[in-house]
Each structure stands twice: as structure tokens, then as C-alpha cells.
Amino acid sequence: MSPPRSLTTHRLPKRLSSLPRIATLLTIMTVSVPAATLSPTHLRTEYRTNPLGVDSPRPRLYWQLQSTAPNTHQIAYEIRTAATLGDLSAAKSPRWKSGRVDSDRTTHIVYEGPALVSREVMHWQVRVWDNHGHVSAWSEPARWEMGLLEPSDWSADWIEAAIDEDTSISNPAQYFRRDFALTKPIASARLYITSHGVYEASLNGQRIGEDLLTPGWTSYAHRLPYQVHDVTALLVEGDNTLGALVGDGWWRGQMGWGGKRNNYGEKLALISQLEITHSDGSITRIGTDPTWRAATGAILFSDLYNGESYDARLFPDGWNRPGFNATSWTGAVVRDHPKSNLIATVNDPMRRIEEITPVNVTPLGDDRWLYDLGQNMVGWVRLKTTGQPGETFVLRHAEVLTPDGKLYTENLRSAQQTVHYTRHGDGDETYEPHFTLQGFRYVELTAPNPPVPDAITGIVIHSDLRPTGQFTSSDEMLNQLQSNIVWGMKGNFVDVPTDCPQRDERLGWTGDTQVFAPTASFLMDTAAFYTKWTGDVMADQETDGSIPNVIPKVLKEGGVAGWADAAVIVPWTVYLNFGDKRILETNYTCMRNWVEKVRRETGDNLIVNGSGHFGDWLFFKTSKWNVQDAITDKDLIATAYFARSTALLAKTARVLGHESDAATYAVLSRQIKTGFQREFITPGARLMSDTQTAYVLALGFDLVPPAQQAAVAAHLAANVRQYGHLTTGFLGTPLLTDTLSENGYTDLAFELLMRRDYPSWLYPVTRGATTIWERWDGIKEDGSFQNRGMNSFNHYAYGAVGDWIYRTIGGIQSTSPGYRTVRIAPVPGGGLTHANTSFESLHGRISSAWRIADGVFALEVTVPPNTTAAVVVPHPGDSAPITVDAGTGSTPTPTTHADGHTTYEVGSGTYRFRTPWHDA
Ligand code: BGC
């Protein structure tokens, strides 16, 4: 049987040198393309779909190309915008037209029209031309709407409830309400709203939107996000009621160490501005003002760490609907709180993302039941009850059980994670908490009578980021590790990237997110999330350039190597993953000020004094007399990070066209490197601390002279072999597998990855972990727990190995910012027989799926439109034949062939490669 048209077998010449580069190839491959549909889809503005409340003066636009033709890229686009949908489709009165722009870019296209004003609505469409001579129709319309750009746009006042409170303890949540009548037909309505505290708003008894714990957590004094809702459908002509329920949240709840409360203020407050446009064009504004009424009610206390206490008998029934008698309620007091810090929300809010049904329930006596959800998760429990009025149900939450099957809560430190619910009546009642979060797999329910079958459901809550990355393989343990990494992300992306979700901490630890950011940015679309968080980094930067250890800042310490460097590394990671130059522009001064602060402190020798730093946090320690603790000198670590941040700053300056800074910091980074070599690398190519972390920092941050690299890497390999396992902490771990594989020790990297004994990534999996643990031995081999003072079972830092897994086993690597060009170079190993990896880039889905079976290595890759890929096919012998199936596309020819790898440069499409395989 002859092969189909596009299936070709290449018997490779011994060595192919410089074959045609991609541009030439793409031209060759444009012959006889079948008729194809071309359309721009997935239109987004500032990373979001049809956002309301944008305050960027020059929003950026995004789309993706859909095409049935292989090897498609855009050669031109045209954007048109209009104030109304009608004008847009009739091509009338455009606000801005880009005209045809010859460009292959589909991301970060800056709106260049007239200055945008508050509340302005912009509808937009795009059409595109491709390299095959196709022109698309105009896309489906998209839109964005501007927010309130000036403090003076807020006619509403900040109000507080006139309620006396002892603010040294937690207080009841506050209900705010206002009745109003509308006498004219309603065309559209927007609610602009935020609070001191966290709120839920409602109109005429209906909850507005699905966002939770808004306005989230920022450096409130500098930037307090407001939310915008289209509430047209909730309003009626006649009587209406607007309500808001406000709880303590991050504003004044317990947050930080030592039971600290009131980090931002002692009082809750609300600002809300409802703007109704009537059919006759007139506008009614209902703002918070002294006519509002306030009261406390069912939520006796709510606290992120401690839980919530809800007495349904105290629920003011009908409070957020017209006709409610609020005469017993107190008044509202207008406060002169700033409005200049009010900003639009740029990131996706927290929402209920999924539900988990318990896998097991065990009675613990007459009135207690233990539920196992089968997954360590973050969110809360939906509780269903039957019984009598006034009966109380108590939910306690924990991540693990003690060896005798009880909830283990000692690692929560002072966090109570306890919810009380008291019934209102005698029918079925369902309750979900409002203003708290728990980290748990196990729930202990104390109830006056046996629970109904579906009494407990886990509600998983996190920032609603678009999932982008997936990985599965032939090894179930590795798949569980991947699942644990994903769940570590879900549980700790709660408006802020936190260290942990369960104990009395849950803070935006900079070091943790710095090491996890590349993995996170593969798994989910983190662009807007980190844009928001780095805004807080800038806001909380100290005047001397130091970066607090936690952002938003609620602890006073800062300036620690590997933690403060998040100020440079996180924006750079967003740039690499999403091609976002604006985040570099916005953060540039902050990045530079951090590097300059370190430079001022180091003096002429450029060696950083790391005393007082965290060093390689949680590195391997042992009590065995003949095994060494893996202590890495803190000066070495801090100097390595100084070099790293300076080198990235130099690159950033170059990207931004700040040539003089680029030169200055390039020189500085070379000088630091020289200092590092002088101080920490011996003539025999050892590191002054003979630890894995020292070696990987030196090699991974490019601090080793080329002539010594092989020898340094050999010392690293020897160290790994000598221990037989990893010894790294938070800073060394993310670089370990990469450094090994980049220096020719991929087999060792796989050995570490697939190891099941402590210490290793899979050891927690053998102990039933469903999230990443803070410590390699959170539960020790004898079943006992690590130090209860610091033993989180949901800390994402060690999950940073995901980045290596996706880039190496999956082989998907971005070779230009934003995955505009990629390399797909899967590396089989570790006994795996298949691995499927995919990533939804801003341009579309990139995937790599390989399988070894019956002596054949088969690889299928998919490349989205507007993306080119170098596919590197491994094969055991230099002369192995490779079969290529390009579907309906033209068969690519290999461009290079070396060291058992053959490279094909391809455009968009799906390609299947097969080559004989035998284990090395
Ligand atoms: C946190 C960390 C953090 C560390 C810094 C811990 O308490 O949980 O993850 O990075 O402190 O020392």
C-alpha cells in the first residue's frame, strides 16, 4: 500500500547542516492549500472577555486565529470599534479604525483611538489576512467598558454602620440596605461597588454576580479595587432595594502572626454607586449616603482563618427586598475615606469552581461524623440539615488525620477553621459560609441528629483563572504528583498567591510564588492575576527599594534574597509566558530599585551579606551521624540571586529599549558573576558549599565560567549520587532537575523525579498526599508528623518541578516571549511509555503526545495558527528512519540532525512522527 499523500519517510543523511530556515520553509509549504475557513475568535481585552470597568487608558486587545488550513499565520489585521453594536456592524461612526495593519501580531494590540472616558462602552471587531491569501469575515463583536477613571466620578460617599463594637475581637458581619423607587423605564444599569472588608451585594433579594470575597486583597491603602456589575436585569420600574453584606475579611480580620487583627482599619465600610440609564436617556444615581440603614444579623462572626458562625434565626428575612421594615436598624455615617485609591479590578475574581462529594463518612459516636472528601481542597462546605429550630451544627476542618483517625489540627496553629450553623426552622436548610476559607480534606460534623445523605459537599473556591496546561503520563504516581501540583495551585491562588491555605498564615510570600510562577503560568492563565499582584508589590515596596517578604504587606520584614527577587522574576515570568511588555514597563522602576538597593548594600566586592535571610528554606537535614545536612551558605545564595535579578533587569531594560540601563546592568551582572566566582567557586570547580543548591544556583543562573561548567556539573552529579536523593529546599529545588538535564544528567533528573522514598516528590504521594506538602517529610516514614509549628500539607513551592516536567517530558518550550515560537522536544525517560502534554497559549493549543510501544516511538504534536515550532524527534540511532504524517498539510523536511535528534521546523497543524525505538 502506498503511503497517503502527506506521509513521507525520511532516511536521514548522517548529518544535515544548515537547511532552510523557517521563513523559506513556510513559503515552500504554501502550495495548493485546500479552501479553508479563517476566523479570528476568542476576542479579549486586557486578558478578559468583555470586561466591565477597565481603567487602562490604552487597553490591549487579543484574538486567536482559527483556520482549517495547516501552516497558517496572520499577515495583516484590521480592527474597528464603535460606541454601539449597530454602528459597529453598519461600519458607521467608528470611534477608532486601525486600518489594515501588516502584522503577524494577535496579542497586546494597543487601542490607539481617542482618549477613553469614564463609563465609555467600546464594541470592537477584527478581521485578518493570512499567508494563504485568505481574508476572514469580521469577527463576532466583543466589547469593553471603561470604569470610573477619576475620584470625582464617585458621587457616592463611604459609609459606616453606626454600630458600637469592640474591635479587638471579631464582630458580626453588617447588613447595609437602601430602598429606592424608579419611575421611568430602565435601559441599562451598572453597579460600582467596593468595601473595607469583604462583601456580597444583592438587588431585590438576588445576589449580584457570583464573585466571592470581593474586593479581594490588595495593598488597600494604595489600591482598593472596585467591581462593576451589569444589574439591568435585576431592577424593576417601581420599588427596589439594594443591599450589601460586609464581613471582616483581610481588612480587619485576623491576618498575620500573633493573632494580629485590624491590619487596615478597625471599621467596615461600604461605597456603592448604582447608575441607572433610563430609556429617555436620563440617569438616576443611587449612591451610599446617610439615608442607608445598617444592622447586624445572622453572621455572628466571620474570619478567613477561623471560620464563620451563623445563626439562621437572626437572619433579617427580606432585608434586601422592598417592603422590609428597617426602623429598628441603625443609620449610616458618612466617612471621609479616600477615593483616590479606588482602582478597577484587573484580575479574575474568586468563584465557586467545583464541588466535591465525600468519598467516605465514619460515625464517631452519637453526635459526630467524619467526612473524607478524598482531596485536600480549599473553599468551604455546603451543609444540608434537617431538624429543629435552634439546633447547632459544627464543622471542623483538617487536612490530615492522626494515626488513630482523628482530625489533625495542631498544624493549624491558632487558626480555628470551624463553622457553626444554627438552624432557623424545622424544614430542610442549606447553608454555605460567606466570608471565610478553609484548607481541608476531612470535615468533622457535630450534629444533634444523624446527617442527611448529602449533608456535606466541598465547594472548591479560588481565583477563576483560565486552565491552560495539562500533563498525563503512563505512571500513575507521576500523574498524582501532577494532580497535587494543580491542587496546590488551586488552593493558593486566592486573589493573592499564598504560601498555604490552612494555618494562621495564608500570606503572599514572595519567595514561594517566585519559584512556582513558571509552573503556575503553564497550568493557568496567570497574566492578569500577576499583573494585579505585582501592582501590590510596587505599592508596598519600601522607599529604600526593599521588598516586603509578604505582599500585600502585613509583616514588617523584607529584603530577603530569593523572596524580594520576586519583584524582578515574576514580571519577567509573565513577559516570557505571555509576551507582555507592559508588565515590564510598569514594574521597571520597582525592579531597578530593588537591584539598586542590593547594590548599595554590597559595597565594592558585590558579595551580599545573607545573614538573617531564609537561605535555602527547608533544605534537607538529618540526624544520621555520617550524613551531612545540606546547608548552603547564605551569602552564596544571596549573591547568586543578586546576579540573577541584575541579569534579568539588564534583559528587561533591553526589551524596553532603555539601552543605557541595559548596558549598565549587563556590566553589573558580569561583575557580580566575577565576584561570585572569586568568592564561591574553588579552582577545582567545587562550590564553597558542597550542596546541590549551591551547584544549581551557580549553573542555573549562569555564574560558572564556561571552562568550569562540565566540572561543576560533575560535582553536582556526584553530590546527587552520593546522597542518592535530593537535598534542596525552596530555592534549590526548582532548578535541580533543569540543571541536571541541561548539563547532560537527564537520567539523574529522572531518578530524582521517580524516586519514591523520602526525600522526594513522590514520597508524599506514597503517603496518600493529594496536594504538595510544605516539607519533604510532613508525615515521616514512621507515620509521625513533622514540627506542628510549620507543617502545611498544601504549599505549592516544591510543585515548581512541574515546569521541568512540562518542558522536558512534555517537551513544550517557549522560544520567544508568549509562545510565539516554540520548541517541542520531548525527552522520554524514567521508564515512562507515554506522556500527553498540552498548553493553551495566547495563540491556541500546543500539544505533544508521545508513546513508546512495540519498538516504535510515536509523537503527535499540534501547533496553533500564528505559531511556528521546531519539533525535535529523538531516536536511538543516527540513521533511524522517521515517518512523518502531516495530515492535509505538506510534509516537513528535517532541518537539523544531530546526536540522535532530528529537528523539523513546522507551522500550524498536526504532525505525527514515528521512529524505531529501543531502550538505550
Ligand atoms: C511560609 C513560607 C515562607 C517562609 C519564609 C513560612 O512560614 O509558610 O512558605 O516562604 O515562611 O521563611
Side-chain angles (χ1 to χ4, degrees), residues 217 254-260 304-305 376 378 399-400 410-415 417 437-439 484-485 487-489 491-494 496-517 519-520 533 536-537 540 546-567 569-570 610-621 630-632 634 637-638 641 693 728-735 764 769 771-778 785-801:
W217 189 14
Q254 187 183 333
M255 194 51 55
W257 291 323
K260 198 170 165 212
L304 287 157
Y305 290 166
N376 197 19
V378 174
E399 299 186 290
V400 290
E410 288 179 9
N411 67 331
L412 304 178
R413 304 196 304 222
S414 77
Q417 292 217 119
L437 284 176
Q438 281 86 48
N484 296 1
I485 295 171
W487 278 94
M489 176 166 190
N492 286 294
F493 273 59
V494 285
V496 162
T498 58
D499 57 333
C500 62
Q502 71 299 84
R503 67 180 179 225
D504 55 357
E505 199 151 344
R506 313 181 188 195
L507 303 174
W509 281 97
T510 46
D512 304 40
T513 211
Q514 177 268 110
V515 298
F516 190 62
T519 302
W533 185 74
D536 295 312
V537 174
D540 280 340
S546 184
I547 304 290
N549 290 336
V550 300
I551 300 289
K553 174 184 170 178
V554 286
L555 304 177
K556 58 180 188 312
E557 301 79 12
V560 165
W563 272 253
D565 296 282
I569 294 169
V570 174
S611 58
H613 288 197
F614 302 134
D616 187 27
W617 189 247
L618 298 182
F619 59 85
F620 173 78
K621 282 190 194 159
I631 305 170
T632 308
K634 290 185 182 176
I637 293 174
Y641 262 97
T693 291
T728 47
F730 275 28
L731 298 185
T733 302
L735 295 166
T771 36
I772 299 291
W773 294 353
E774 177 174 27
R775 318 182 70 124
W776 296 118
D777 57 349
F785 291 114
Q786 248 289 0
N787 181 344
R788 67 180 171 194
M790 226 185 58
N791 197 12
S792 148
F793 293 97
N794 197 353
H795 240 68
Y796 53 47
Y798 288 147
V801 70

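When a ligand or atom number is given, it counts from 1 through the structure's own listing order.
The salt bridge (charged side-chain N to carboxylate O under 4.0 Å, His left out) test applied to E557 returns no partner, not counting sequence neighbours. Residues passing the salt bridge (charged side-chain N to carboxylate O under 4.0 Å, His left out) test with D504, sequence neighbours excluded: R413. Residues satisfying the side-chain hydrogen bond (donor to acceptor under 3.5 Å, both in side chains) test with K621, not counting sequence neighbours, are none.
Taking the six-membered ring wherever Trp is involved, the centroid distance between the rings of W776 and F620 does not fall below 6.0 Å.
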Which pairs of N or O atoms, one from ligand 1 and one from the protein, are separated by less than 3.5 Å, and what is the distance for each pair?
residue	atom	partner	partner atom	Å
ligand 1	7 (O)	R503	NH2	3.4
ligand 1	7 (O)	E505	OE1	3.3
ligand 1	7 (O)	E505	OE2	2.5
ligand 1	8 (O)	D499	OD2	2.7
ligand 1	8 (O)	R503	NH2	2.6
ligand 1	8 (O)	E505	OE2	3.4
ligand 1	8 (O)	H795	NE2	3.0
ligand 1	9 (O)	D512	OD1	3.3
ligand 1	9 (O)	D512	OD2	2.5
ligand 1	9 (O)	H795	NE2	2.9
ligand 1	10 (O)	D512	OD1	2.5
ligand 1	10 (O)	W563	NE1	2.9

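Closest approach of A561 and Y641 over heavy atoms only: CB-CB, 4.3 Å.
Between W617 and W563, the ring planes are perpendicular. Angles over 60° get that label, and only those under 30° would be called parallel.
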